[in-house]
Amino acid sequence: MASKIFVFFNCNAEKDPSTMNIFYNNVTFKDTPISRRRLFQKINSERIAGRVQITDENLSKIEEIIMKGNPVDATNLITYGAVKELKCL
């Protein structure tokens, strides 16, 4: 059975796959509550550092999506960042 892992990528505003570098963004997050919390912390730290743009209103929505939904759905609320799902065998 394959399990899910998530990766946060810095990227351009259009989220072109060619701008997502697995060698730069190589930390993976499991599909567990603790790991999902760490994924949100990573995204928030990128916001604080100014590497991604997230409105204050969307920050709480992103947290809700990551903790209770499909983290990939948070991508639409982040400028210069994306969450992708990878499957592990």
Side-chain angles (χ1 to χ4, degrees):
M1 179 177 184
S3 61
K4 294 188 255 183
I5 59 171
F6 303 98
V7 178
F8 170 78
F9 287 99
N10 297 89
C11 59
N12 67 4
E14 291 76 33
K15 301 178 187 341
D16 292 324
S18 64
T19 66
M20 298 179 196
N21 186 340
I22 195 70
F23 296 107
Y24 180 75
N25 298 108
N26 57 16
V27 177
T28 59
F29 302 90
K30 295 179 184 178
D31 191 12
T32 65
I34 291 171
S35 213
R36 283 174 176 246
R37 172 65 50 202
R38 289 184 182 140
L39 173 58
F40 174 72
Q41 290 169 342
K42 169 66 175 171
I43 293 169
N44 195 34
S45 70
E46 291 293 300
R47 179 189 66 84
I48 291 167
R51 290 186 283 267
V52 300
Q53 295 176 357
I54 300 169
T55 64
D56 291 337
E57 177 184 320
N58 283 342
L59 188 61
S60 61
K61 290 178 185 176
I62 290 168
E63 182 176 21
E64 180 79 13
I65 291 167
I66 288 173
M67 294 308 297
K68 297 181 180 176
N70 180 354
V72 174
D73 294 340
T75 296
N76 297 330
L77 303 175
I78 305 169
T79 304
Y80 305 115
V83 178
K84 296 292 182 181
E85 178 184 322
L86 304 175
K87 298 209 191 266
C88 295
L89 299 176

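Scope of the values below: all heavy atoms of this structure, side chains included, with no hydrogens, waters or symmetry mates. In this chain, residues are counted from 1 in sequence order.
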To the nearest 0.5 angstrom, please state how far the CG atom of Asn58 sits from the CD atom of Gln53. 12.0 Å

Salt bridge (charged side-chain N to carboxylate O under 4.0 Å, His left out) partners for Arg36, two or more places apart: Asp31

At what distance, to the nearest 0.5 angstrom, does CG of Asn44 lie from CG of Leu39? 11.0 Å

Are Ile62 and Val27 connected in a single hydrophobic cluster, I mean Ile/Leu/Val/Met/Phe/Trp/Tyr linked by side-chain heavy atoms less than 4.5 Å apart? yes

What residues, two or more places apart in sequence or in another chain, satisfy salt bridge (charged side-chain N to carboxylate O under 4.0 Å, His left out) together with Glu57? Lys61

Do you know which two heavy atoms are closest between Ile54 and Leu59, and how far apart they sit? CG2-N, 3.7 Å

Shortest non-hydrogen contact from Phe29 toward Phe8: CE1-N, 4.5 Å

Closest non-hydrogen contact found for Asn12 with Lys15 is OD1-N, 2.8 Å

Would you mind checking if Glu63 and Arg37 are paired as a salt bridge, meaning a charged N to carboxylate O distance below 4.0 Å? yes

Side-chain hydrophobic cluster, 4.5 Å single linkage: members besides Ile5: Val7, Phe9, Met20, Ile22, Phe23, Leu86

Solution key, residues 72-81 side-chain donor-acceptor pairs under 3.5 Å, sequence neighbours excluded:
unit_1, atom_1, unit_2, atom_2, d
Thr75, OG1, Val72, O, 3.0
Thr75, OG1, Val83, N, 2.8
Thr75, OG1, Val83, O, 3.1

Could you tell me which residues satisfy salt bridge (charged side-chain N to carboxylate O under 4.0 Å, His left out) with Glu46, sequence neighbours excluded, listed by chain and number? Lys42, Arg51

Would you say CD1 of Ile34 has more than 12 non-hydrogen atoms from neighbouring residues, nucleotides or ligands within 6.0 angstrom? no

If I take atom CZ from residue Arg47 and atom OG1 from residue Thr55, how far apart are they, to the nearest 0.5 angstrom? 9.5 Å

For Arg38, enumerate each residue passing the salt bridge (charged side-chain N to carboxylate O under 4.0 Å, His left out) test, keeping only those at least two apart in sequence or located in another chain. none

Verify whether one side chain among Asp16 and Thr19 offers a donor that lies under 3.5 Å from an acceptor in the other. no

